[in-house]
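Note that the coordinates shown come from a computational prediction; the quantities given were computed from them, not determined experimentally. The figures here come from the full heavy-atom set of this structure, side chains too, leaving out hydrogens, waters and symmetry mates.
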Amino acid sequence: MTSTSITTKKPISLEFFPPRDIAAQEKLVRTAKQLLALRPEYVSVTFGAGGSTRSGTVDTVRMMQNLGFDAAPHLSCIGASRADLSEILDTYRQQEIRRIVALRGDIPSGMGGDRGDLHYAGDLVRFIREHSGDWFHIEVAAYPEMHPQAQSSRADLTHFVGKVNAGANSAITQYFFNADAYFDFVSRARAKGVTVPIVPGIMPITNHSQLVRFSDMCGAEIPRWIRQRLAEFGDDKASIKAFGLDVVTRLCQNLLDQGAPGLHFYTLNNADTTTAIVNALTR
Ligand code: FAD
């Protein structure tokens, strides 16, 4: 929502991806209008690493602004030149965008040897600060269960601390289903002097095979008991949804009760599950 909205509740934010065609775009407008009722602090829009959805991200961010959201584009540096990134940052500044999610991005399959001018998210954060000063509030990614390519959880934490020290204002985590992993990560980051908010990223459970695919890609663990229950539901979509809603709502409440500063929802461009979870929470 616009920055004038007043709420005493812990903030939520919502993530979308750029629609691939007109039908998906129309659906996203309906979804976004429905989600306005949740009064998110901001919405974010993903970016295809290597620039594959660059115009889609810019257009979707503009659409979200027009609907009245405070919108934050994701920006990844992999494969990009400093000149490309400068141009994108200038476009967002002209559009009155004040928040960016700064990422390295995943290396797209088929990308040749040219990985661009900046190799890690920390380099991008430094670059944004050099280029745009304090104009943007910078979010970075955090991995309570460790980034899948990290050498060790210790090395990954050191790199996370480096991103924050380079000028990030807050962090959003990869999704997880084990609250202890999040609180352990936060306490290790605090012990290293990190004071910025670390907001849990929340993945609603609505589709078993999709969840397994995403989790295998990004290194998020699906606990055995959840995998087992989902497998037993088979094609019974209603039971998967009801179970997922129950599990994720309890996770969110637990996170908020134990001190998480807010929640960031990976909406997958759907309104119903995120709405049901948020409306069930005491914030
Ligand atoms: P980095 O922080 O750069 O870390 C990447 C790896 O390099 C880690 O293993 C880290 O330990 C290591 N590392 C970091 N710095 C150094 C260093 N100086 N020296 C050596 N090793 C280092 N992907 C997209 O393509 N588009 C999106 O819109 C998108 N949105 C996301 C939003 C969130 C909230 C999250 C959690 C992830 C998102 N991703 C997105 C996925 C993300 O791009 C991948 O996880 C990517 O592999 C890592 O990006 P990063 O910004 O975390 O990278």
- Taking C-beta and beyond as the side chain, do Pro40 and Phe69 meet within less than 4.5 Å on heavy atoms? yes
- Message: Does any part of the side chain of Leu124, heavy atoms only, come nearer than 4.5 Å to the side chain of Arg104, both counted from C-beta?
- Response: no
- Query: Would you say Lys163's side chain and Val140's backbone share a donor-acceptor pair under 3.5 angstrom?
  - Reply: no
- Indicate whether any N or O donor in one side chain lies under 3.5 Å from an N or O acceptor in the other, for Asp84 and Ser81. yes
- Item | Test of ring centre spacing under 6.0 Å for Phe176 and Tyr182 | yes
- Message: Test your reading of the model: is there a side-chain donor-acceptor pair from Asp123 to the backbone of Tyr120, 3.5 Å cut-off?
- Response: yes
- Query: Where is the tightest heavy-atom contact between Ile97 and Ala71, given as atom of each residue plus distance?
  - Reply: CD1-O, 3.5 Å
- Any donor and acceptor pair, going by atom type alone, linking the side chain of His119 with main-chain N or O of Gly116 inside 3.5 Å? yes
- Message: Strictly distance-based, threshold 3.5 Å: is any side-chain N or O of Tyr175 a donor or acceptor partner for the main-chain N or O of Ser215?
- Response: yes
- Look at the side chain of Thr31 and the backbone N and O of Asn270, then say whether any donor-acceptor pair between them is shorter than 3.5 Å. no
- Salt bridge Arg93-Asp90, side-chain N to carboxylate O under 4.0 Å: no
- Would you call the rings of Phe127 and His131 parallel, tilted or perpendicular, where under 30° means parallel and over 60° means perpendicular? parallel
- Query: Just by modelled atom types, is the Asp184 backbone N or O under 3.5 Å from a matching donor or acceptor in the Ser187 side chain?
  - Reply: yes
- Item | Heavy-atom donor-acceptor pair, Asp156 side chain to His147 backbone, under 3.5 Å | yes
- Message: Please check: side-chain N/O of Ser170 versus main-chain N/O of Val196, any donor-acceptor pairing under 3.5 Å?
- Response: no
- If we only count heavy atoms from C-beta on, is the Arg30 to Gln34 side-chain gap below 4.5 Å? no
- Query: Under 3.5 Å, is there a donor-acceptor pair between the side chain of Arg99 and the main chain of His137?
  - Reply: no
- Query: Do Tyr143 and Phe265 share a hydrophobic cluster (ILVMFWY, side-chain heavy atoms under 4.5 Å, transitive)?
  - Reply: no
- Thr46 and His74: side-chain donor and acceptor closer than 3.5 Å? no
- Item | Glu145 side chain vs Glu221 backbone, donor-acceptor pair below 3.5 Å | yes
